[in-house]
Structure formats: structure tokens, C-alpha cells
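Atoms considered below: every heavy atom in the structure, side chains included; atoms not considered: hydrogens, waters and symmetry mates. Sequence lines set the chain letters: A, B, ... in the order given, protein chains first and strands last, and positions in each chain run from 1.
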Protein chains: 4
Amino acid sequence: MRNAIEAAGLGIGWIEGDVGHGPAYRFNDPDGHLFELYYESERYVAPDHLKPALKNVPQRYVGRGAAVKRLDHVNVLCKDVAANRAFAQEQLGFRLYEQIVLDDGNESGAWMSLTIAAHELIYVADYAGLSGRLHHLAFFVDTREEVLRAADLMLDAEVPIEAAPSKHAVAQGMFLYVYEPGGNRVEVTTGTHFIYDPEYEPVAWTQAERARGQAWGVRTIDTFHTYGTPDVSGRVTGPPIPPTSRVPAL
Amino acid sequence: MRNAIEAAGLGIGWIEGDVGHGPAYRFNDPDGHLFELYYESERYVAPDHLKPALKNVPQRYVGRGAAVKRLDHVNVLCKDVAANRAFAQEQLGFRLYEQIVLDDGNESGAWMSLTIAAHELIYVADYAGLSGRLHHLAFFVDTREEVLRAADLMLDAEVPIEAAPSKHAVAQGMFLYVYEPGGNRVEVTTGTHFIYDPEYEPVAWTQAERARGQAWGVRTIDTFHTYGTPDVSGRVTGPPIPPTSRVPAL
Amino acid sequence: MRNAIEAAGLGIGWIEGDVGHGPAYRFNDPDGHLFELYYESERYVAPDHLKPALKNVPQRYVGRGAAVKRLDHVNVLCKDVAANRAFAQEQLGFRLYEQIVLDDGNESGAWMSLTIAAHELIYVADYAGLSGRLHHLAFFVDTREEVLRAADLMLDAEVPIEAAPSKHAVAQGMFLYVYEPGGNRVEVTTGTHFIYDPEYEPVAWTQAERARGQAWGVRTIDTFHTYGTPDVSGRVTGPPIPPTSRVPAL
Amino acid sequence: MRNAIEAAGLGIGWIEGDVGHGPAYRFNDPDGHLFELYYESERYVAPDHLKPALKNVPQRYVGRGAAVKRLDHVNVLCKDVAANRAFAQEQLGFRLYEQIVLDDGNESGAWMSLTIAAHELIYVADYAGLSGRLHHLAFFVDTREEVLRAADLMLDAEVPIEAAPSKHAVAQGMFLYVYEPGGNRVEVTTGTHFIYDPEYEPVAWTQAERARGQAWGVRTIDTFHTYGTPDVSGRVTGPPIPPTSRVPAL
């Protein structure tokens with residue numbers, strides 16, 4: 001893989017290791033995001049007060065906050081979705097499961113995975129036409145109920161909710177989008193849309209199909225398409241303020 | 001109660017009975033909706049193939065469609081919320097749990113109940129300024145998961161979804177709004193916000209508070225505020241077509 | 001009500017008030033449990049850091065631990081279920097919704113409520129033939145998922161689980177039973193089996209029907225029928241140790 | 001793979017294809033179960049009335065019955081767990097995630113997978129010491145709520161429930177076990193315990209650990225350890241009758 005990356009002129013070099021992992025090979029994707037590949041990892045050993053009752057989980061379930069279980073996927077913005085999608089498939093071995101292809105033939109989104117999980121790496125077109133930015137990080141919870149519960153928690157904890165819980169059409173995941181204090185978008189997600197088919201034909205969504213909104217018809221909030229980090233909106237600090245209604249609601 | 005209603009000049013008279021119930025006293029609310037009061041009811045006796053395993057439920061659970069359990073509440077539109085709210089409280093014995101009071105002092109919504117349930121009868125201001133119309137009927141399911149499941153079913157059954165599953169700020173109920181073929185709005189709901197306090201102080205929401213949208217910040221769809229039945233929009237048939245997005249969504 | 005209680009020779013007298021409530025009238029039920037009746041209550045006012053986002057709930061949702069919402073019901077043991085059940089109905093105004101009537105005609109359980117909720121006060125026959133003891137206190141959560149989540153939490157927090165989550169046949173509630181450190185049985189429960197019928201015919205379960213176990217056929221653990229508090233088993237401290245399997249499980 | 005299987009003397013030969021798939025290579029596992037390997041598959045094309053609203057799912061969600069989504073795993077009984085486990089690992093490429101190792105060193109269960117899913121093929125020791133038998137087939141639903149719902153459905157549909165919904169300690173899956181009319185055990189399951197670690201150290205459960213019952217302490221029903229199909233109990237027809245309680249339950 002390193003040879004393929006170097007041949008593409010995107011290699012950077014080795015680092016000795018970092019928190020939780022051993023030596024890592026650094027490189028860029030075509031859009032300039034910094035990636036690392038490593039194999040050796042440090043397995044978490046729970047301290048005594050966090051030892052679980054069942055030995056097949058790493059730690060006691062304490063249920064604090066949204067109680068996310070693990071990182072689920074990363075969604076990065078880029079100038080050229082097709083180029084980055086091809087790099088991830090050809091140089092990194094990702095499989096393409098879903099994509100958005102605009103009427104003019106340009107790709108505006110690509111959902112890829114190394115496993116049966118519906119997505120692990122997503123590229124989406126950067127609305128501002130910039131490079132190297134982040135759309136969101138997504139953390140997994142086991143059930144849809146936990147996504148709803150997370151919304152209840154975020155609301156009362158005054159964490160700005162960008163998009164309330166609902167279901168994605170693409171990849172069928174349940175979502176909740178919030179902004180962490182630094183302004184990055186964070187998703188709480190769950191979903192069990194698995195791809196077992198070794199010759200899965202990628203699903204290509206058209207512009208018209210995407211205009212129907214999310215799975216149950218929810219219109220995606222505008223900032224979801226326009227805001228990324230680092231922010232370039234000129235605001236001094238903070239993510240956009242989620243919109244409020246224009247008419248008294250029931 | 002009949003005396004109080006007649007004194008208000010809203011009485012109509014008795015009917016002998018109807019499907020499932022005995023003699024009923026008919027009257028109007030101030031807005032002109034037809035109401036009936038009855039006591040004698042026919043209890044449902046399940047046929048053999050629908051006898052339940054447990055004797056404390058009326059019928060076998062078959063899980064067909066959204067599998068709603070019972071009628072939960074009725075939401076009717078009216079010209080004058082305050083007048084109808086007062087009638088329901090004073091002549092019918094309802095308790096007022098929540099309401100919307102506009103900045104000019106006018107009431108635009110009243111949530112009332114005869115039990116600890118958060119609402120059984122709701123009055124909301126008619127956007128078109130008409131009388132006697134319906135906002136929606138709401139049917140209860142036991143869990144939030146069933147509301148999400150109902151949305152999955154409605155989507156694939158091509159039932160128009162007006163508002164995807166989310167949580168109401170008022171009364172804390174989970175909702176899903178669809179249109180039945182005749183154009184009436186139907187809600188699939190659940191919730192366990194109970195009022196045990198015998199001197200509960202009604203919660204009065206201001207215009208500014210309602211402008212924040214539903215519980216998790218979802219902006220209520222415009223038709224939810226403007227559409228009622230019978231429809232007066234001049235369209236030949238059918239409820240409004242739910243809106244679609246304006247920009248390609250992710 | 002006080003007159004009726006005094007006529008029954010069970011009155012004790014007034015106290016000036018206690019934490020959270022004003023003057024209360026004390027009396028015994030026929031089995032000798034201490035009861036209090038009061039009207040004046042102190043409404044909870046959340047401190048600033050616990051003010052909720054929505055004004056119709058008393059406090060911010062923090063989701064700590066099982067995050068129970070309120071007391072749901074009390075289940076007390078007694079020598080004579082019929083006598084205590086009759087007292088609760090006739091002197092206190094409870095409605096009887098479900099009961100167990102043994103083959104010899106004796107009552108061994110009574111589920112009663114003042115509202116549409118399926119139970120608020122339960123009497124169950126004391127296996128040890130004693131008086132004044134407690135079977136359990138039950139706390140409500142909104143969803144069945146929260147009952148499952150509570151079991152995950154209790155397991156890892158080393159709280160003894162007497163009965164894992166399942167569904168009651170009587171009253172249709174979801175349950176989880178644990179022991180608090182003092183040895184009292186505590187239930188985490190939810191359920192939306194409501195009784196709207198003003199002339200509801202109480203459901204009487206027979207011995208044979210109850211022998212089928214809980215709703216989905218789970219055999220009730222023996223201690224559930226035999227253990228109450230204060231404990232009289234002669235063990236120095238602590239509730240019974242929940243049983244373990246006899247054969248290697250899969 | 002075929003060469004490895006033939007070298008082990010377990011090969012049978014090719015068939016031309018079967019319902020839904022192309023040519024398949026047949027062989028036995030060491031215990032004598034018939035296996036097939038194939039690559040070419042027929043993709044399901046939904047008829048018009050079952051076309052889904054979203055193009056990334058094969059069919060409209062109709063929600064009928066337990067509405068299982070797909071086959072999740074197969075659990076087969078065998079005489080010699082270690083031999084079959086080794087065959088699956090070495091000849092078929094399965095990864096071992098969890099196992100039960102008895103105090104005498106014998107293996108009594110092995111949970112294996114080709115993907116990040118916690119199990120796809122399970123071998124468990126046959127209590128009767130026979131070969132070629134089935135423990136159960138497991139079908140996946142998306143949520144724990146759907147497992148509970150399935151139990152409600154099975155109860156009222158008079159499908160014998162062997163084990164009510166609860167959570168497995170091994171592999172952390174939610175389960176419900178029933179018997180289909182032919183007597184085979186069928187599981188309705190869900191779970192999101194994924195193994196992303198490429199060097200996952202298999203979890204080995206001891207006899208003492210397994211004696212604690214399922215995750216929340218539920219004692220596994222005896223038939224779960226003793227019954228398999230084809231049945232050899234001498235009963236003329238049908239699976240064992242699930243046990244009932246011995247004492248009146250609450």
C-alpha cells in the first residue's frame with residue numbers, strides 16, 4: 001500500500017508512534033487530509049473500578065452522557081470527490097457502497113468501507129470549494145433509542161443541535177448532529193445496514209432522489225451542506241446558530 | 001353536565017345509540033364541532049382466532065401495519081381558543097395542562113385532559129379563521145421505536161408523511177404525522193408525560209419559546225400550521241404535497 | 001376519608017409535615033403498614049445548573065444511572081390480601097384492576113390504582129405469614145429500552161439482579177428487579193397499559209394461569225415469592241444471592 | 001479452499017446450482033454436516049408492489065410478523081467442537097472470536113465469523129453425543145425493541161417460546177428462541193458487538209463463568225442445552241414443551 005501511495009506522490013513518511021499505537025506511515029489523500037496507517041496498537045486495560053462484569057467487553061458500562069461505544073466513521077469535505085474516492089478504493093482498498101452523482105455527471109458524495117459496515121470513510125463535496133476540511137466525526141451507539149436519548153441530553157446540556165434525530169436515506173443510519181465546543185460537527189449514529197454481497201453494485205443517488213430529503217422526508221438543514229471545519233464563514237468563533245421557526249409552532 | 005351545556009345554548013339532544021355505544025347526548029362546542037356524551041358501551045369480544053394469550057388485553061397482538069393500540073387524543077381547530085378551552089374546562093370538566101399564549105394575549109393552543117395523560121382534547125387556532133374543522137386524530141403506540149417503525153412503513157406504503165418522527169416540546173410526545181387517503185391528518189404518537197399533581201399549574205408557552213421549534217429544534221413544517229380538514233385550499237383533492245429539499249442533501 | 005379510617009379503628013393522627021409536604025394524617029392499613037395522606041406539597045425548583053431547556057419538565061435530563069423518572073408503584077406484603085384490598089378500595093378510593101384468586105378462593109394479590117395507570121398500590125400475600133413488610137418499590141422509566149439499559153448498568157455496577165428484564169403478565173409492565181444495598185427489592189419498570197373504562201371488570205388470574213410464568217413464559221425466580229423486607233431469613237445481612245445455573249450455558 | 005477440503009477427505013463434489021445461486025461445491029465438516037460453497041448468486045428483484053421507496057434496500061418494508069431482515073448465523077451441534085472449530089478456521093477461513101473451554105480442557109462451544117459480525121457459524125457440543133444435528137438458525141432484526149415485539153407476536157400466535165428475550169453473555173446478542181412447527185429451534189436476534197481488531201484474542205469462557213447464566217443472570221433453560229434436531233428424545237412429534245412455574249407467580 002505504501003508503494004502505491006508513494007507512486008501517487010502522496011507519501012510523507014514514518015512516525016515512531018503515537019498515543020495508543022506504534023509506528024505509522026503518514027500520507028495525504030489527494031485533497032490534502034493527513035492520513036496515517038498503523039498496525040501495532042495498545043489494547044486498553046481497564047482500571048479496577050472500571051473492570052466489566054463480562055470479559056468480552058473492554059470496560060464497565062457506565063452510561064454517562066450519550067455513552068457512545070466507538071468511532072463509527074469519518075466524513076471529510078474535498079474539492080474533487082471522484083479523485084479522492086478513486087484513491088481510497090485503489091490505493092487504500094476501500095469498497096464503494098453508495099454515492100451521489102449529480103445531473104452533470106460530477107460526484108458529490110461517496111460512502112466507503114473496509115468491512116460490512118455501511119460506511120467508514122465518506123467524501124463529500126466542499127461547498128466553499130476548499131481543501132482539507134472536515135464534515136463530521138460519527139460515534140456509534142447500539143440502538144435508535146440511544147440516539148433519541150442523546151438528543152434529550154444534548155438539549156438540556158445546551159449543546160447546539162444542528163439536526164435532530166432522524167434517518168438517513170443514504171446508508172440507512174439513524175443520526176443526530178451536534179457541534180462540539182470547538183465548532184466541529186459530531187454525529188451520534190447507529191445502524192445495521194450491512195453489505196455482505198462481495199460484488200455489491202454501488203448505489204448511485206441522483207440529484208432528484210436526494211432532493212426528497214432524508215429517509216422520512218426531513219429537509220436537511222442548510223448548514224449541513226455549507227458548514228465545515230476549519231470554518232471560513234468569517235464569524236469570530238463558533239458554529240452556526242441552528243435556525244429557529246418563523247411561525248408559532250404547535 | 002347536560003344542564004350546563006343547555007344553559008350555554010349548545011345542547012342538541014339525545015340519540016338512541018350508535019356503533020359500540022348506547023344512548024348519547026349530542027351538543028356543540030362553541031366552535032360548532034359535534035360532540036357526544038355516552039356511558040353505556042359495548043365491550044369488544046375477540047373472535048376465536050383473535051383471542052389473546054393473556055386475559056388482560058382485548059385481543060391478540062398481530063402487529064399489522066403501525067399496530068396502533070388506541071385513540072390517544074383529538075386536536076380540533078377553532079376560531080377562538082380561549083372560549084372553547086373555557087367551555088371544555090367548565091362544562092366538560094377537562095383540566096388544562098399546557099397552552100400557547102401569544103404576545104398580544106390571545107391563546108393559540110390549549111392541551112387538556114380528563115386523566116393523568118398529557119392530552120386528550122386539544123384546541124388550536126384555525127389559520128384560515130374558519131369553524132368546526134379538524135387538525136388531527138392521534139393514535140397511541142407503546143414505544144418510541146414503534147413510531148420510528150411506523151415511519152418506515154408509511155414511507156414504503158406511499159402514505160404521505162407530513163412530519164417525520166420527532167418529539168414535541170408541548171406535552172413531550174413523540175410524533176409522526178401522515179395524511180390518510182381522505183386528506184385528514186393522522187398522528188402516530190407515544191409518550192409518558194403524566195400529570196399526577198392535582199393542582200398542576202398549566203404551562204403557558206410564549207411566542208418566542210414556540211419559535212424554537214419542536215423539542216429537539218426541528219422546525220415545524222408550514223402545512224402543520226395552515227392545513228386542516230375539510231380543506232379550503234381550493235385544490236381539487238388531497239392533502240398538501242409534503243415539501244422537498246432545495247439543495248442536494250447528503 | 002379520615003372519618004372512614006377512624007371508624008375502622010386504624011387512625012393514628014396528624015403530623016405537622018415532613019420533607020416536601022405539609023400536614024399529613026397518619027393511619028395504618030389492616031396489615032399494619034404506616035400510611036400518610038397529605039395535600040400540600042412543595043414543588044421542586046431546580047437550581048440554575050439543573051434548569052431544563054423545556055419548561056414543562058421539572059429538571060434537566062442528565063441521564064445518570066438508570067435515570068428513573070418518578071415513583072411508579074408500591075408493592076407491600078400482607079397476611080390477608082382480601083382485607084387490605086377491600087380497605088384500599090372502600091376507605092381510600094382505589095380501583096381494583098387485577099388480582100390473583102387461588103383455587104381455594106383466597107386472594108393472593110391485588111393490583112390497584114387511583115388513576116388510569118395500571119397499578120399504584122399492590123398487595124401480595126406474605127410467604128412468611130408476617131405483617132407490615134415490603135415487597136418492592138417501583139420506579140418508572142419512559143421506555144422498554146431504558147429497562148434493558150438499566151440491566152446493563154446494574155450488571156456492571158455489581159448491583160445484585162434478582163430478575164432480569166422481562167414482561168409481567170399481570171398489568172403488562174416491563175420489569176427489572178434488583179436489591180438496593182439495604183436489602184430492599186427495587187423495580188425499574190415501564191408500561192403503557194392504561195385503564196380508561198370507568199366500569200372496568202377486574203381481571204382475576206387463576207392459579208393455573210399464573211403457573212405459566214411471566215408474559216413471555218419466564219419462570220419467576222423463587223425468591224420473588226419468598227423474600228420481603230425486613231428480612232426474616234436469619235441471614236445476618238443482605239438479600240438472597242441470586243441463583244446461578246447448574247449446567248454450562250451457551 | 002477446495003483443495004484444502006479435499007486434502008482433508010471431506011469433499012463431495014459440485015452441483016450445478018440451486019434456488020438463488022449458481023454452481024456450488026459440496027463437502028462435509030468433520031461432524032458430517034453438509035456445507036456448500038458458491039459465488040454466483042441471483043439478486044432479488046422486487047415485484048412492483050414490493051418496490052421500496054429507497055433504492056438501497058431490496059424490498060419494501062411491510063413489517064409482517066417478526067419482520068426479520070436476514071439470516072444472521074447458524075449454530076450446529078457436533079461431537080467434537082475443537083475438531084470442527086479448527087476445520088472452520090483452517091480450511092474455511094473463519095476467525096474465532098469466543099469459545100467455551102471446560103475445566104477438563106475440552107471445548108464445548110466456538111463462535112466464529114468471516115466478518116466483523118460477532119458470529120456467523122457456531123459449533124456447540126451435542127448433549128446426546130450425536131453427529132450432524134442443528135442447534136438453531138438465527139434471524140436478524142435491527143433493534144432490541146423488535147426482539148421484544150417478536151416475543152409479543154409469538155406469544156399470541158401460539159408459537160412455543162423456549163427462551164424469552166434476554167441478552168447473551170457470549171457475543172452480547174439479544175435473543176428470543178422459539179420452535180418452528182417442524183421442531184427446529186429458531187432465534188430472533190440483534191446485536192452490534194463488532195470485532196474490528198485484526199488480531200483479536202479469542203475470549204475463552206470458563207465453566208464457572210458460564211454458570212452465571214446469560215448476561216443479566218437469566219438461567220438458561222435446560223432444553224437449550226439438551227435439545228437439537230433431528231430430535232432423538234423418542235417423543236412422537238414436536239419440540240419439548242416449555243416449562244411452567246411451580247409456584248404461583250406475581
### Query
When rounded to the nearest 0.5 angstrom, what distance separates CG in C:Asp152 from CG in A:Asp142?
8.5 Å
### Task
Select one option (side chain, backbone, both, neither) describing which atoms of C:Val62 are under 4.5 Å from chain A's heavy atoms.
backbone
### Task
Determine, for A:Glu158 against C:Arg60, whether the closest basic-nitrogen to carboxylate-oxygen distance falls under 4.0 angstrom.
yes
### Any side-chain heavy-atom pair of A:Leu54 and C:Leu155 under 4.5 Å
yes
### Query
Which is it for C:Glu146 and A:Glu146 under the side chain to side chain contact (heavy atoms under 4.5 Å, CB included) test, yes or no, and what are the steps along the way?
CA-CA 9 Å; C:Glu146 284 172 276; A:Glu146 283 172 277; over 6 Å; no
### Query
Ignoring hydrogens and geometry, is there a side-chain-to-backbone donor-acceptor pair from C:Arg149 to A:Gly63 under 3.5 Å?
yes
### Task
Report yes or no: does C:Asp156 contribute a side-chain atom to a donor-acceptor pair with the main-chain N or O of A:Tyr61 at less than 3.5 Å?
yes
### Query
For A:Tyr38, does the OH atom sit with more than 12 other heavy atoms under 6.0 Å from it, leaving out its own atoms?
no
### Task
Flag yes if more than 12 heavy atoms outside A:Arg70 fall under 6.0 Å of its CZ atom; otherwise flag no.
yes
